[in-house]
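See structure below.
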Amino acid sequence: MTAGFDPARFGCAPAGRPLLMGVINVTPDSFSDGGLHATADAAIAHGRSLAAAGADILDIGGESTRPGAAEITAAEEAARILPVIEALAGDGFVVSVDTRRARVMEAALARGARIVNDVTALSGDRDSLAVVARSGAPAILMHMQGEPATMQVAPRYDDVVREVGAFLAARVAACAAAGIDRGRLCVDPGIGFGKTVAHNLALLRALPALCVAGCGLLVGASRKAFIGKLSRGESPPERVPGSIAVALHAAAAGADILRVHDVAETRQALEVWRALQGAG
Ligand code: HH2
């Protein structure tokens, strides 16, 4: 765990291992599970099963950010996720909303979401900083190069670790200037968002260098394409073992939150890893 991270600020009890954020995509087209939980009822059932499997946080998104994904309207996004957020928050689970739109953040927080997860690090909508500042909610700031529609066409950096680290530090400073203190922020290198396999590996090897003082660190590598590229070209549901390898690596490097699709499998691996560390 990083020095600045307090699970209580994110509504969670200390776990002695990274917190697990279970992914719920209420979308027809997500890369990993597109269409599987596209109705509210299916998404709510999936959220309950992730919580039963040991998720600490349920991350609910209504817009796919997979490479090449088409944008949808805020109204469409809200219609997909709000009933799901209301039901799962009503059950007492800690819910985060995965959105880049301030209007959707505001509506989600009003329906019981407690955390804002933004792949644009609160830079994609000019009202996001104010909405998060006013709400008092914690937020996750992720790095992305470009836009989902084109980000994987030709990602380019001179020094990916330095550039992603500088971006995250700058966004934390922008949050501080807007009245959002570091203790309620997590930074995230944005694995797969405008990055080649080599960029993803460089970032994962340098996780401690990407931390921003006073903030937590989140890693989301679950089922992503680079895992198949490093192995035998497996499809997203076949990338669970590789995802667990990244999760254990990130845990050892001090990650505070892991965003994963396969909660039961990751949790079992983490509990055994933790016992082997002598913390068990
Ligand atoms: N990855 C995805 C979406 N949101 N948020 C954070 N903070 N970090 C991530 O790495 C991250 C994220 C992409 O995964 P998924 O939600 O499964 O796919 P899609 O965007 O196609 O719905």
Side-chain angles (χ1 to χ4, degrees), residues 10 18-38 43 46-47 50 55 57-72 76-77 80-81 84 95-101 104-105 108 113 115-124 128 132 137-149 151-152 164 167-168 171 185-195 199-200 203-204 207 210 215-228 235-237 239-240 243 246-247 250 255-263 266:
F10 286 72
L19 300 176
L20 286 177
M21 172 186 268
V23 179
I24 302 158
N25 288 315
V26 199
T27 61
D29 57 346
S30 286
F31 83 94
S32 57
D33 52 4
L36 278 183
H37 321 295
H46 186 54
L50 292 182
I57 299 167
L58 299 176
D59 189 42
I60 301 173
E63 179 190 42
S64 173
T65 47
R66 77 179 201 288
E71 275 199 41
I72 56 166
E76 235 174 310
E77 187 186 357
R80 286 179 184 177
I81 61 174
V84 181
V95 167
S96 60
V97 59
D98 185 352
T99 183
R100 38 189 178 156
R101 294 187 177 91
V104 178
M105 292 172 193
I115 302 169
V116 171
N117 174 24
D118 183 359
V119 298
T120 72
L122 304 181
S123 73
S128 305
V132 171
I140 292 141
L141 308 175
M142 196 198 82
H143 174 273
M144 165 165 61
Q145 185 180 78
E147 282 291 308
M151 66 190 179
Q152 288 307 108
V164 170
F167 170 85
L168 294 173
R171 292 311 300 158
L185 294 173
C186 260
V187 296
D188 173 354
I191 298 303
F193 283 82
K195 280 128 192 154
H199 295 143
N200 290 325
L203 290 166
L204 288 167
L207 287 176
L210 295 166
C215 304
L217 176 69
L218 181 147
V219 176
S222 179
R223 295 188 177 193
K224 287 189 177 169
F226 80 104
I227 293 170
S235 67
R239 296 175 193 154
V240 183
S243 303
V246 183
D256 299 296
I257 305 180
L258 301 174
R259 183 180 183 277
V260 303
H261 299 85
D262 305 287
V263 170
T266 313

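Bear in mind the structure is a predicted one, so any value in this text is a computation, not a measurement. Order of appearance sets the numbers: ligands from 1, and atoms from 1 within every ligand. Positions are given from 1, in the same order as the sequence printed here.
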Let's go through Met105 and Val132 carefully: what are the C-alpha distance in whole Å and the side-chain angles of both, what is the deciding distance for side-chain contact (heavy atoms from CB on, under 4.5 Å) to 0.1 Å, and is it a yes or a no? CA-CA 8 Å; Met105 292 172 193; Val132 171; 4.3 Å; yes
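Glu63 meets the salt bridge (Lys or Arg N to Asp or Glu O under 4.0 Å) test with Arg100, Arg101; sequence neighbours excluded. With sequence neighbours excluded, the residues that form a salt bridge (Lys or Arg N to Asp or Glu O under 4.0 Å) with Asp59 are Arg259. Taking Asp118 as the reference, nothing meets the salt bridge (Lys or Arg N to Asp or Glu O under 4.0 Å) condition, with sequence neighbours excluded.
The residue from Leu204, Val164, Leu218 that alone fulfils the side chain to side chain contact (heavy atoms under 4.5 Å, CB included) condition with Pro189 is Val164.
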Using a cut-off of under 3.5 Å, which N/O atoms of ligand 1 pair up with protein N/O atoms, and what distance separates each pair?
residue	atom	partner	partner atom	Å
ligand 1	1 (N)	Lys224	NZ	3.1
ligand 1	1 (N)	Arg259	NH1	3.4
ligand 1	4 (N)	Asp98	OD2	2.9
ligand 1	4 (N)	Arg259	NH2	3.3
ligand 1	5 (N)	Asn117	ND2	3.2
ligand 1	7 (N)	Asn117	OD1	2.8
ligand 1	7 (N)	Asp188	OD2	2.7
ligand 1	8 (N)	Asp188	OD2	2.6
ligand 1	10 (O)	Gly220	O	3.1
ligand 1	10 (O)	Lys224	NZ	2.7
ligand 1	14 (O)	Arg259	NH1	3.3
ligand 1	16 (O)	Asn25	OD1	3.1
ligand 1	16 (O)	Asn25	ND2	3.4
ligand 1	16 (O)	Arg259	NH2	2.8
ligand 1	17 (O)	Asn25	ND2	3.2
ligand 1	17 (O)	Ser32	OG	3.3
ligand 1	17 (O)	His261	NE2	2.7
ligand 1	20 (O)	Thr65	N	2.7
ligand 1	20 (O)	Thr65	OG1	2.6
ligand 1	21 (O)	Phe31	N	3.1
ligand 1	21 (O)	Ser64	OG	2.7
ligand 1	22 (O)	Asn25	OD1	3.3
ligand 1	22 (O)	Ser30	OG	2.5

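A distance of 10.5 Å separates CG in Asn25 from CD1 in Ile60, rounded to the nearest 0.5 Å.
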